[in-house]
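Only one structure is covered here, and it is reproduced in the block below.
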Amino acid sequence: MRIFEEMESEVRGYVRAFPVIFDTAEGSLLYDEQGNRYIDFFAGAGTLNYGHSNPLIKKALIEYLQRDGIVHGLDKATVAKRAFLQKLRDTILTPRNLSFKVQFTGPTGTNAVETALKLARMVKRRSNIISFTDGYHGMTMGSLAVTGNYFYRDESYGARNNVAFMPYDGYFGPDVNTIDYLRRYLEDPSSGVDLPAAVIVETVQGEGGINVASVEWLQQLESLCRELDILLIIDDIQVGNGRTGTFFSFERAGIHPDMVTFSKSIGGGLPLAMLLLRPELDQWQPGEHTGTFRGNNLGFVAATECLGYWENQDLSEAVAYKGAIIQSELERIAEKFPELEPRVRGIGMVWGIELPQPNVASEAAQEAFQRGLVIETAGAEDQVLKFLPALVIDESLLREGLEIVEQSLAALAEKRQQVKFGRD
Ligand SMILES: Cc1ncc(COP(=O)(O)O)c(C=O)c1O
């Protein structure tokens, strides 16, 4: 580990939570260089929905490289890009009656978010954007400005211009409809909140702590946007690509956003990001928004394979089946440890157990790692243990991982009990 401590910036994060040197990975298993095995419930923060070293993706990439397929092409036309666009249109967009155009951005999620915010402001000629409490949209200046958590922001390195935060669904508890709240601000010319160019929202907040917006809330948000001529941007970077059971996470609400930011699992583990936009919003001049790594061809090759999973219902059904296992197991586990005050929430294959007492979720993740499970925390205070296994995980591995979670919480509950007795 010394080289990482010596050479790599203090900013490094996950290496501290999982202090081993990983070497190989396959499906939902990771191996360190000593050959120790770890079940992966983190899936690269939602990047590996199709698993590590997916055999279909691996085969296509090896073949492409072996025939000297072009790897870097700026935004030139390539065979790999054509195949991806055709597959996206035929497998995903047309069957869903979505007529989006596709803009390839720089390779990470935050590039897609920056592009969406810039385009919305340009088209509407308004600078304000509405974002939501606990929202997470990336680390570059524009995306950071619409990210809630103070930990990532510091007003000294960039004031958040032209962004207003509004309460997400459930922020004030179940009895307050936060769309009414938003409406009041937007309709009152004296509220201090200017009419925004766009609203940016996650249908399920991943980094924010697995907060699931209700269908009614999402529908009301869409209606409000239509009524007041505001663009609706869905950030589907973490919970798109089938995570909630449908390809796009907004499908369950039957809404049609104006733009969708998309990245993470679309590249099957390779960097690829894009903005999907209604054709009438495509008001760019040629080359007006550019970048060296817009759509890498290995990403396209991988992505075309990923989309193959959506040619039938099998993956959606598998997500429903395994999601139900996660839910029932987590609810059972939560009932077993009332002293930890656990609260379970989620949808599809994105779940969280909120453990509100200080440090409990982080300690649970550490206990789990010692038992061979890679699992992360989420939420403003890292108070949520976050379940994000690959969608293609085997049922037996899924159950094995959930058992480790149960053992980890049991160990924690016991430790707390001992501390309590020690004190009494
Ligand atoms: C919803 C959402 N938007 C944007 C991003 C930023 O993506 P990236 O880290 O690839 O820039 C993330 C990353 O976790 C995310 O979860």
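Numbering of residues begins at 1 and proceeds along the displayed sequence. Just follow the structure's listing: the first ligand is 1, and inside any ligand the first atom is 1.
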Suppose we measure from atom 15 (C) of ligand 1 to each protein heavy atom; which comes out shortest, and what is that distance? Tyr136 CD2, 3.7 Å
Measure the acute angle between the ring planes of His72 and Phe293, then classify it against the limits of 30° and 60° as parallel, tilted or perpendicular. perpendicular
Select one of side chain, backbone, both or neither to describe which atoms of Lys264 lie under 4.0 Å from any atom of ligand 1, heavy atoms only. side chain
Over 60° means perpendicular and under 30° means parallel, so tell me whether Phe18 and Phe22 are parallel, tilted or perpendicular. perpendicular
Does this structure show an ion pair linking Asp75 with Lys81, if we count only N-O contacts that are shorter than 4.0 Å? no
Lys59 bridged to Glu63 by N-O distance under 4.0 Å: yes
Which label fits Tyr152 and Tyr136: parallel for a plane angle under 30°, tilted from 30 to 60°, or perpendicular past 60°? perpendicular
One thing to verify: whether Arg12 and Glu10 come together as a salt bridge, which I'm taking to mean a side-chain N less than 4.0 angstrom from a carboxylate O. yes
Protein non-hydrogen atom found under 4.0 Å from atom 9 (O) of ligand 1: no
Contact check: Glu202 vs ligand 1, nitrogen or oxygen atoms, below 3.5 angstrom: no
If you have a sec, work out which protein heavy atom is nearest atom 16 (O) of ligand 1 and how many Å separate them, to one decimal? Gln238 NE2, 2.8 Å
Quick one: does ligand 1 sit under 4.0 Å from the side chain of Ile237, the backbone, both or neither, non-hydrogen atoms only? side chain
Name the one of Asn241, Asp236, Thr244 that satisfies side-chain hydrogen bond (donor to acceptor under 3.5 Å, both in side chains) with Ser249? Asp236
I need the nearest protein heavy-atom contact for atom 3 (N) of ligand 1: residue, atom name and distance, please. Asp235 OD2, 2.7 Å
Minimum-distance protein heavy atom relative to atom 11 (O) of ligand 1: Thr110 N, 2.8 Å
Which protein heavy atom lies closest to atom 7 (O) of ligand 1, and at what distance to 0.1 Å? Gly109 CA, 3.4 Å
